[in-house]
Every structure is written in C-alpha cells, then in structure tokens.
Protein chains: 2
Amino acid sequence: MSDRRSQILDAAAVLIAEHGFTSTSVDDVIKAAKLSGKSHFYHYFKSKDELGYEVLNRQFERFSERGLAVLREPMIDPLERLNLFIDSVVALQAESGGRRGSPFGNLAAELADAHEGFRVRIEAVFERWASQIRSLLWEARPQLQDDVDAVRLSRFIIAALEGAVLMTRVKRDMAVLEGIAFDLKRFIAMHGRDALVVPVVRTFE
Amino acid sequence: MSDRRSQILDAAAVLIAEHGFTSTSVDDVIKAAKLSGKSHFYHYFKSKDELGYEVLNRQFERFSERGLAVLREPMIDPLERLNLFIDSVVALQAESGGRRGSPFGNLAAELADAHEGFRVRIEAVFERWASQIRSLLWEARPQLQDDVDAVRLSRFIIAALEGAVLMTRVKRDMAVLEGIAFDLKRFIAMHGRDALVVPVVRTFE
DNA sequence: ATATAATAGGACCGTACGGTCCTAAAAGCA
DNA sequence: TGCTTTTAGGACCGTACGGTCCTATTATAT
C-alpha cells in the first residue's frame with residue numbers, strides 16, 4: 001500500500017471523525033492530504049464512497065489492535081480484561097475530551113438509513129466486535145452464572161458504550177461516560193458466579 | 001398555530017426521521033407538505049435550521065406525552081412505571097421494525113459536532129428526559145438501596161436505550177432492542193432494596 | 001371595504017459538490 | 001533507453017441546495 005494512500009486515508013479519517021462523512025467533501029480531503037487536485041485523489045480512489053469504506057475498515061483495524069486487543073490477553077483474568085477494555089474506551093474518549101465519539105456509532109446514525117453500503121459494513125463491524133466479547137465470555141464461563149446469555153450480554157455492553165459515548169459527546173462531559181462505565185462494570189460483575197444473585201425481572205401485580 | 005405550519009412540521013419530522021436533517025432538503029419538505037413553492041415555505045419559517053429546531057421541539061413534546069407520560073402515573077408503582085416506560089420504547093421502535101431509531105440520538109450523532117445550535121438543543125432534550133427519570137427514582141427511594149445514584153442511573157438508562165436503538169437500526173433486528181431492554185430491567189431491579197446483592201466492582205488480585 | 005395574511009408559481013443567484021477530462025512534468029523501474 | 005506510475009494543475013459539467021425576489025390571486029378578519 002502506497003504511502004500516499006495511507007496519508008489520504010488518515011486525513012480523511014480525522015475529517016470524517018470531526019464532521020461526519022456527508023459534511024466532509026473530497027476537496028476537504030485533498031486539502032488536508034496536500035494533494036495537487038481532484039485527479040490526484042481519483043488516481044487512488046474510484047469514488048468518495050470507496051474512500052469512506054476504507055476509512056471505516058481502517059478504523060476497525062485500529063480499534064481491534066488498540067482497544068479490542070486487551071480482550072485477548074491470555075495472561076489476564078477474562079472478566080478483568082473486560083474491565084480493562086471498558087477503561088480503554090474511556091481513556092480513548094478522554095483524549096478528545098469526549099468530543100470525538102465512536103467512529104462506528106457516528107457513521108451508523110448518519111448513514112444507516114440513507115446508505116445501504118455503509119449500513120452493512122457497520123453491521124459487520126458491530127458483529128465482529130460482539131464476537132470478540134462473546135469469545136471472552138465463553139472463556140470466562142467457569143466464573144459466570146450458568147444462565148448467562150453471551151449474545152445478549154455482548155450486545156448490551158456495546159450498546160451501553162455506544163450510547164454513553166454519544167451522550168458524552170452531546171453533553172461535552174467525560175463524567176457521563178465515566179459514570180456509565182462504572183455502572184456497566186457493576187452490571188457485568190452481577191453475572192459472576194460469586195455474585196449473590198439478583199432477582200429476575202420483577203413483576204408487580 | 002396555523003394548520004399549515006403543523007402540516008409542514010409533521011412532514012418534515014417524517015423526512016428527517018427517515019433520512020436525517022442534512023439529507024432532507026427544503027424542496028423535499030415542500031413536496032411532502034404540498035406547498036406551492038419556496039416562498040410558501042419561507043412564509044412560515046425563516047430558515048431550514050429554524051424548521052429543524054421546531055421539529056426537534058415537537059418530537060420531544062410528543063415523546064413526553066406519549067412515552068415519558070407513564071413515568072408520571074401516580075397510581076402505579078414507580079419501578080413498575082420504569083419497566084413500562086422501557087416497554088413503550090420497545091413498542092415504539094417495533095412500529096417501524098426498528099428502522100426509525102431515536103429522533104434525538106440520530107440528530108445528536110449527525111449534528112453534535114457540526115452544528116452548535118442543534119447540539120445545545122439536543123443536550124437540553126436529554127437533560128429533560130433524565131430529569132423525569134430522576135424524579136421517578138426519588139419517588140421510588142423507599143424501595144431502592146440507599147446508595148443509588150439517581151443522576152448516574154438515569155444517564156445509564158438513557159444511554160443504554162439510545163445505544164440499543166442505534167444498534168437495532170443498524171442490524172435491522174428488533175431482537176437486539178428486546179434483549180437490551182430485558183437486561184436493562186434486570187440492572188434496574190438490582191438496585192432494589194430487596195435485591196440481595198451485588199458485588200461492588202470487583203478487584204482482581 | 002380595506003388591510004393583512006395565506007396561497008400560488010416561477011425566475012433567479014451563488015455556492016458547493018462529486019466526478020470527468022486533458023495536458024504535462026517528474027520519478028521509478030525495466 | 002523506454003515504459004509506467006505518480007504528481008501537478010486546471011477547465012469543465014451537471015446537479016443540488018438554501019435562499020431571495022417578484023407578481024398575482026384568494027381568504028380572512030376588522
């Protein structure tokens with residue numbers, strides 16, 4: 001992969017993270033990546049959409065290496081890894097003061113309805129993410145209660161984090177994310193075999 | 001408030017819910033509301049942004065009457081009201097097969113960075129929403145553990161729902177929302193005075 | 001009856017955008 | 001040396017968009 005291509009993808013990633021995909025014009029990308037003009041850009045990418053797809057791919061790869069990686073650390077207790085992962089999400093958002101948001105969630109909300117090509121790719125991202133959490137939960141099985149539903153729990157974790165990051169961005173306040181991260185850890189701990197249980201969903205007559 | 005104005009706001013609400021604010025053009029709104037032309041539209045609204053603000057306002061009012069209302073029902077047990085509210089969110093999404101998403105979360109993700117005017121208005125929406133949940137939690141105080149943090153819990157509930165709705169929209173699968181709603185209810189139940197329970201966040205060696 | 005607001009419809013403007021095309025100079029490689 | 005890729009830069013096109021302006025006609029309320 002050529003140097004120039006990476007440069008373009010990096011520049012585009014920043015712009016898209018800051019302003020969204022639709023609001024980022026090809027000319028903006030050209031300026032940010034210091035290209036000579038449109039033809040220079042279209043020498044590397046066949047369309048703006050293709051650029052977007054590749055940026056999304058890269059974002060997930062980065063996230064997989066830098067964030068999700070801890071989920072696979074074999075020397076650490078699985079449930080502890082999950083806590084560390086949640087902490088890493090908080091830390092990542094802290095870098096931008098909670099202003100950046102999730103590169104996946106942002107695109108999802110922006111394009112899920114309008115652009116099928118993006119929708120399926122974002123769906124795949126969430127699925128791969130969920131799948132890594134499921135593996136971890138499977139590994140943590142001996143420490144978990146028998147009736148833990150890994151599919152449901154993995155989705156819950158992702159939804160809570162995505163929602164938290166979104167609210168944090170709107171309120172411009174990291175405390176929102178920190179609080180939710182704290183509660184999310186408690187919710188996970190509640191599934192431990194040693195957690196003295198927990199009522200099933202209560203019914204009020 | 002004139003009839004025509006409402007008509008325009010309703011049409012715009014649908015379009016914005018379907019395609020987002022940016023992707024909804026004034027001409028689209030004109031066509032959907034069967035106006036005669038641009039001047040007809042600008043007779044009622046001074047700009048597209050103003051239209052957007054009013055639509056957002058209306059969406060929250062509707063949500064407050066139709067969704068949040070149950071939180072205030074004085075004859076029902078407070079915690080049960082919370083469960084009913086969560087069910088109503090699920091039911092509302094079910095109407096569109098989970099495709100609609102949250103009118104607030106969608107706008108938030110689309111415009112939080114790009115458009116300060118919307119950002120502050122969306123922030124206000126989340127705040128009003130959280131405040132209603134906080135009131136309910138205060139009312140439910142006798143049934144809750146003493147250390148329940150209403151601010152934190154109310155944010156958690158909103159974040160989980162917003163994240164759930166977003167993921168559901170991406171996956172086009174109501175089961176996602178249903179599962180998360182189920183877990184969310186369990187999490188809330190965990191704060192009950194009668195819940196035996198529950199480890200504080202675990203520390204590993 | 002008269003003023004005001006609502007409806008109708010079209011011309012127009014400036015700007016931005018994604019994308020194409022064309023020419024030509026450097027750079028890299030065989 | 002030649003051939004291909006990369007860089008450079010500009011002209012151009014069609015379309016879409018938010019917004020303004022202008023002219024009329026029809027309702028509505030005072």
Side-chain angles (χ1 to χ4, degrees), chain A residues 1-57 106-107 110-119 121, chain B residues 1-58 106-107 110-111 113-119 121:
Chain A
M1 163 109 38
S2 86
D3 232 24
R4 211 57 167 178
R5 248 183 103 84
S6 292
Q7 195 182 335
I8 298 174
L9 287 166
D10 287 340
V14 172
L15 292 174
I16 293 171
E18 275 173 10
H19 315 296
F21 179 74
T22 312
S23 298
T24 298
S25 73
V26 174
D27 285 321
D28 289 342
V29 175
I30 287 168
K31 206 185 305 171
K34 286 167 180 148
L35 300 181
S36 60
K38 284 249 177 77
S39 19
H40 200 176
F41 172 87
Y42 282 100
H43 177 69
Y44 290 99
F45 299 92
K46 54 174 294 213
S47 72
K48 189 194 173 190
D49 283 353
E50 290 295 330
L51 170 73
Y53 296 157
E54 291 201 36
V55 167
L56 178 58
N57 255 333
N106 291 354
L107 282 185
E110 185 186 349
L111 302 169
D113 291 319
H115 202 303
E116 184 66 8
F118 272 102
R119 205 214 97 230
R121 283 168 175 84
Chain B
M1 163 112 37
S2 87
D3 233 23
R4 210 59 165 173
R5 248 185 103 85
S6 292
Q7 197 182 333
I8 299 175
L9 286 166
D10 287 339
V14 171
L15 292 174
I16 292 172
E18 273 173 12
H19 315 295
F21 180 74
T22 313
S23 297
T24 298
S25 73
V26 173
D27 284 321
D28 290 340
V29 175
I30 287 169
K31 207 184 304 169
K34 287 166 180 150
L35 300 181
S36 61
K38 283 249 176 79
S39 21
H40 200 176
F41 172 86
Y42 282 100
H43 177 68
Y44 290 100
F45 299 92
K46 53 173 296 208
S47 73
K48 191 193 174 191
D49 283 353
E50 290 295 329
L51 171 74
Y53 296 158
E54 290 201 37
V55 167
L56 179 58
N57 254 333
R58 258 168 101 92
N106 292 355
L107 282 185
E110 185 186 349
L111 302 169
D113 291 321
H115 202 303
E116 183 67 8
F118 273 103
R119 206 214 98 229
R121 282 167 176 84

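Below, read A as the first sequence line, B as the second, and so on, with proteins coming before strands; counting in each chain starts at 1. The basis for the numbers below is simple: all heavy atoms, side chains too, and nothing from hydrogens, waters or symmetry mates.
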**Q.** Minimum-distance pair of heavy atoms, taken over all atoms of Leu15(B) and Ala32(B)
**A.** CD1-CB, 3.9 Å

Q) Whole Å only: how far is the CZ atom of Arg5(B) from the P atom of dA6(C)? A) 10 Å

Q: Taking Lys48(B) for its side chain and Thr24(B) for its backbone only, find out whether a donor-acceptor pair lies under 3.5 Å.
A: yes

Q: Give the rounded distance in Å between these two atoms: NE2 of His43(A) and C1' of dT6(D).
A: 5 Å

Q | Whole-Å gap separating C1' (dA5(C)) and CZ (Phe45(B)) | A | 16 Å

Q: Measure the spacing between CZ of Arg121(B) and CG of Leu111(B) and express it to the nearest 0.5 Å.
A: 12.0 Å

**Q.** Distance in angstrom units between His40(B) NE2 and dA8(C) C1', rounded
**A.** 8 Å

Q: Take the protein atom CG of Asp3(A) and the nucleotide atom P of dT5(D), then report the distance between them rounded to whole Å.
A: 18 Å

Q: State whether Arg58(B) and Asp10(B) are salt-bridged, where the test is any N-O pair (Lys NZ or Arg NE/NH1/NH2 against Asp/Glu carboxylate O) under 4.0 Å.
A: yes

Sub-3.5 Å pairs of nitrogen or oxygen atoms, protein against nucleotides 14-24 of chain C:
{"unit_1": "dG18(C)", "atom_1": "OP1", "unit_2": "Lys48(A)", "atom_2": "NZ", "d": "2.9"}
{"unit_1": "dG18(C)", "atom_1": "OP2", "unit_2": "Val26(A)", "atom_2": "N", "d": "2.8"}
{"unit_1": "dG18(C)", "atom_1": "N7", "unit_2": "Lys38(A)", "atom_2": "NZ", "d": "3.2"}
{"unit_1": "dG19(C)", "atom_1": "OP2", "unit_2": "Tyr42(A)", "atom_2": "OH", "d": "2.9"}
{"unit_1": "dG19(C)", "atom_1": "OP2", "unit_2": "Lys48(A)", "atom_2": "N", "d": "2.9"}
{"unit_1": "dG19(C)", "atom_1": "N7", "unit_2": "Lys38(A)", "atom_2": "NZ", "d": "3.1"}
{"unit_1": "dG19(C)", "atom_1": "O6", "unit_2": "Lys38(A)", "atom_2": "NZ", "d": "2.9"}
{"unit_1": "dC21(C)", "atom_1": "N4", "unit_2": "Ser39(A)", "atom_2": "OG", "d": "3.4"}

Q. Taking NZ from Lys31(B) and P from dG10(C), how many angstroms apart are they, rounded to a whole number?
A. 15 Å

Q. Of the non-hydrogen atoms in Tyr44(A) and Arg5(A), which two are nearest, and what is the gap between them?
A. O-NH1, 2.7 Å

Q: Name all pairs fulfilling the salt bridge (Lys or Arg N to Asp or Glu O under 4.0 Å) condition that reach into residues 22-43 of chain A, sequence neighbours left out, sorted by first residue then second.
A: Asp27(A)-Lys38(A)

Q: May I have the distance from Arg4(B) (atom CZ) to dT7(C) (atom C1'), rounded to whole angstrom?
A: 8 Å

Q.
Only pairs with both distances under 3.5 Å count, Watson-Crick or wobble alike; so what is the partner of dA26(C) in this structure?
A. dT5(D)

